Amino acid sequence: MAVDAHRAPEPGATAPRTWADRLAVLGERDFGWFFVGYTTSLLGSSMAPVAVAFAVLGAGAAAATSGG
C-alpha cells in the first residue's frame, strides 16, 4: 500500500516532529546532565581499545615474550 504524501492526516494522528521539538528535551536540567554523562562515558569506553593497543605497541618485545 503506497502512502500519499499529499493526503490529509487521519483524525487523531500526531503532527510530524521538527528537530526543535526533538531537541527540546535537552532543555530539561536532569536530562541534560544525564546526556552529558552518558556521552562522556561512551567516548571513554570507545577510547579504551585504542589506549590498550598503544600500550601494547609501547611495550615492544616485552609484550610478545610475556607469554599468554
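Source: prediction; values computed, not measured.
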request  = Looking only at non-hydrogen atoms, find the nearest pair between Leu26 and Phe31 and report the distance.
outcome  = CD2-CE2, 3.7 Å
Counting only pairs under 3.5 Å, give me each side-chain donor-acceptor contact of residues 45-56, with atom names and distances, residues two or more places apart or in other chains.
unit_1, atom_1, unit_2, atom_2, d
Ser45, OG, Ser41, O, 3.0
Ser46, OG, Leu42, O, 3.2
Ser46, OG, Leu43, O, 2.9

task = Look at the aromatic rings of Tyr38 and Phe34 and report parallel, tilted or perpendicular, splitting at 30° and 60°.
result = parallel
note = Looking only at heavy atoms, the pair that brings Thr40 and Val36 closest together is OG1-O, 2.8 Å
task = List for me each residue that meets ring pair (Phe, Tyr, Trp, His ring centres under 6.0 Å) alongside Phe35, sequence neighbours excluded, and say none if there are none.
result = none
